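First the structure, in the form of structure tokens, and then the observations on it.
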2 protein chains.
Amino acid sequence: MSRKNSLLSCCRGDELEGLSASKSSCLYKKGQVIFNEGSKPSGLHCVHSGKVKVCKMGSDGKEQIIRLAKPGDVIGYRALMADSNYSASAVAMDDAVVCYVPKSQFMELIHENMDFSNGLMKLLSKALGEAEERMTQMAYKPVRERLAEALLLLQKTYQQDENKENFTIAISREDLASIVGTAKETTIRLLSEFKDEQIIATKGSSITILDADKLYSICHLYD
Amino acid sequence: MSRKNSLLSCCRGDELEGLSASKSSCLYKKGQVIFNEGSKPSGLHCVHSGKVKVCKMGSDGKEQIIRLAKPGDVIGYRALMADSNYSASAVAMDDAVVCYVPKSQFMELIHENMDFSNGLMKLLSKALGEAEERMTQMAYKPVRERLAEALLLLQKTYQQDENKENFTIAISREDLASIVGTAKETTIRLLSEFKDEQIIATKGSSITILDADKLYSICHLYD
DNA sequence: CTTCTAAAATGATAAAAGTCATCTTTTAGG
DNA sequence: CCTAAAAGATGACTTTTATCATTTTAGAAG
């Protein structure tokens, strides 16, 4: 297991004893807000269990999901490091346990621990690369391709059992549309197409990926 | 003048004497490539004069401009810090002079100079915030609003004389379309609309902003 | 000052996606 | 188990944007 990947997972830190000591946990029910766009960060949050979405509100009231967070992921670090207000909100998509680390502890660590600081930088670089990638996709890829990509992202992010053939996730069509950046109805229509093509199966709000390879080829990830 | 903003501008560094000593300059003619998407970074580039675009190629061959760089700006730092290949290319939009700092120098500085390291982190945080902002805009704002925004971005980035009423820039419709994330023809059509509405004037490839306030209100930056 | 080429501009049309209305299925609560 | 509210699904229609074809203009080279 890579040390770097868990560098920031305060919930099982090695060199982060100090953080662990001062962290507190909180349970958020499905739909509850962890922090709000525009407010000032007073610390850092780490997802311990459950699914969390990080999202921005467009001027027309439509929501865009910027990032999906899973257990072990840190959220809200950008605002803290830029010393600015949150540019996005974090909301629990399931019941989720989220730990909290006060800003002072975080800053101490940044200034004293070089490894931690470097890890953070890599994290930021990676996030920036991903954001730029998605920007390009939003610009030119049609919705069908972006939806295929979103389904694969969900699988990559939330599939716990690697071997298990058919990944299933319960997600509202609204949230899915917010990841893709499109209207709910368009998402539903395209999901119906995917169903007809036997790429997925649905039951209520649950979506099961039957043929990930087809999804890959739809979004040209084989190029 | 803020020290933080010039922290990375190796071309006029204060605490960066080491960098300055080992930097070399190179003139790139309009259209020349400074570095290429996919290749491995061997150092850092700083724009000394001219305009530089940082862009990605979409799978369908359409180009998306990720970032505009002006004199004093550093480019290619993300890949260097993430220790990965360039995820975008840099191309001179005008004749441009670009300085080069070898990776070793850069790494030394990161590890030895805390201020430098912190400045980099803020730079990354800011870039990430901007990328996320643009992602949301791409998702939901119509092309007309995004074009207005792009024109204001060009002004904000490249206007040297703050007082001067009418900002003028020469930019190909193709490049402008690549910033907005739309087709060249759509861009031209909307520019014609703006011309009819006396928001801009054009002469050849030059665009003059006559009424920045109207542009602001078009893209809802007053909300 | 011409001529040639590339870029800008415009028109016609097609495709993609959004919106609004409606119906159906889930799902949670009594 | 039944019912109400929420979410999913689908249809009809409109708007936005892309694409392709063509004309006009600007700018460089002879």
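Here the structure is a predicted model, which is why all the values come from computation and not from measurement.
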Between CG of B:Asp60 and P of D:dT19 the distance, given in whole Å, is 8 Å

Distance-only donor-acceptor test, A:Arg189 side-chain atoms vs D:dG11 base atoms, 3.5 Å: yes

Find which nucleotide of DNA chain C each of A:Ser206 and B:Ile188 is nearest to by heavy atoms, and output the residue with the more 5' nucleotide. B:Ile188

Residue whose closest nucleotide on DNA chain D lies nearer the 5' end, B:Pro142 versus B:Gly204: B:Pro142

Rounding to an integer number of Å, can you tell me how far A:Leu191 CG sits from D:dA7 P? 16 Å

Figure out the CG/C1' separation between A:Leu147 and C:dA17, and round it to whole Å. 13 Å

What I want to find out is whether B:Glu197 reaches B:Arg144 closely enough, with some N-O distance under 4.0 Å, to be called a salt bridge. yes

Please determine, by modelled atom types, if A:Ser87 and A:Arg78 share a side-chain donor-acceptor pair under 3.5 angstrom. yes

Between A:Asp73 and A:Lys51, is the closest basic N to carboxylate O distance under 4.0 Å? no

Name the orientation class of the two ring planes belonging to B:His45 and B:Phe35 (parallel below 30°, tilted from 30 to 60°, perpendicular beyond 60°). tilted

Provide, to the nearest angstrom, the distance between the CG atom belonging to A:Leu190 and the C1' atom belonging to D:dG8. 15 Å

Mind checking A:Lys203 for me? I need base, sugar-phosphate or nothing, with any heavy atom below 4.0 Å counting as a touch. nothing

What is the separation between atom NZ on B:Lys30 and atom C1' on D:dA28, rounded to the nearest whole Å? 12 Å

Tell me the closest heavy-atom pair linking A:Ile209 and A:Asn166, and the distance in Å. O-OD1, 3.4 Å

Atom OG in B:Ser39, atom CG in B:Asn85: separation rounded to 0.5 Å? 6.5 Å

Can you tell me if the side-chain N/O atoms of B:Thr202 get under 4.0 Å from OP1 or OP2 in D:dT25? no

Can you name the one residue among A:Asp196, A:Thr186, A:Ile199, A:Ile207 that meets side chain to side chain contact (heavy atoms under 4.5 Å, CB included) with A:Leu191? A:Ile207

Between C1' of D:dA18 and CZ of B:Arg146, the distance in whole Å: 13 Å

Taking only heavy atoms on the protein side, list every residue of residues 172-187 of chain B lying under 4.0 Å from any atom of DNA chain D, sorted numerically. B:Thr182, B:Ala183, B:Glu185, B:Thr186

Figure out the NZ/P separation between A:Lys141 and C:dA17, and round it to whole Å. 13 Å

Using only side-chain N and O atoms of A:Ser192, determine if any of them is under 4.0 Å from OP1 or OP2 of D:dT10. yes

Please determine if a side-chain N or O atom of B:Lys62 lies less than 4.0 Å away from the OP1 or OP2 oxygen of D:dT19. yes

Given atom NZ of A:Lys195 and atom C1' of C:dT25, what is their separation to the nearest angstrom? 11 Å

Considering only heavy atoms and no angle criterion, is a donor-acceptor pair shorter than 3.5 Å present between the side chain of B:Arg144 and the base of D:dT15? no

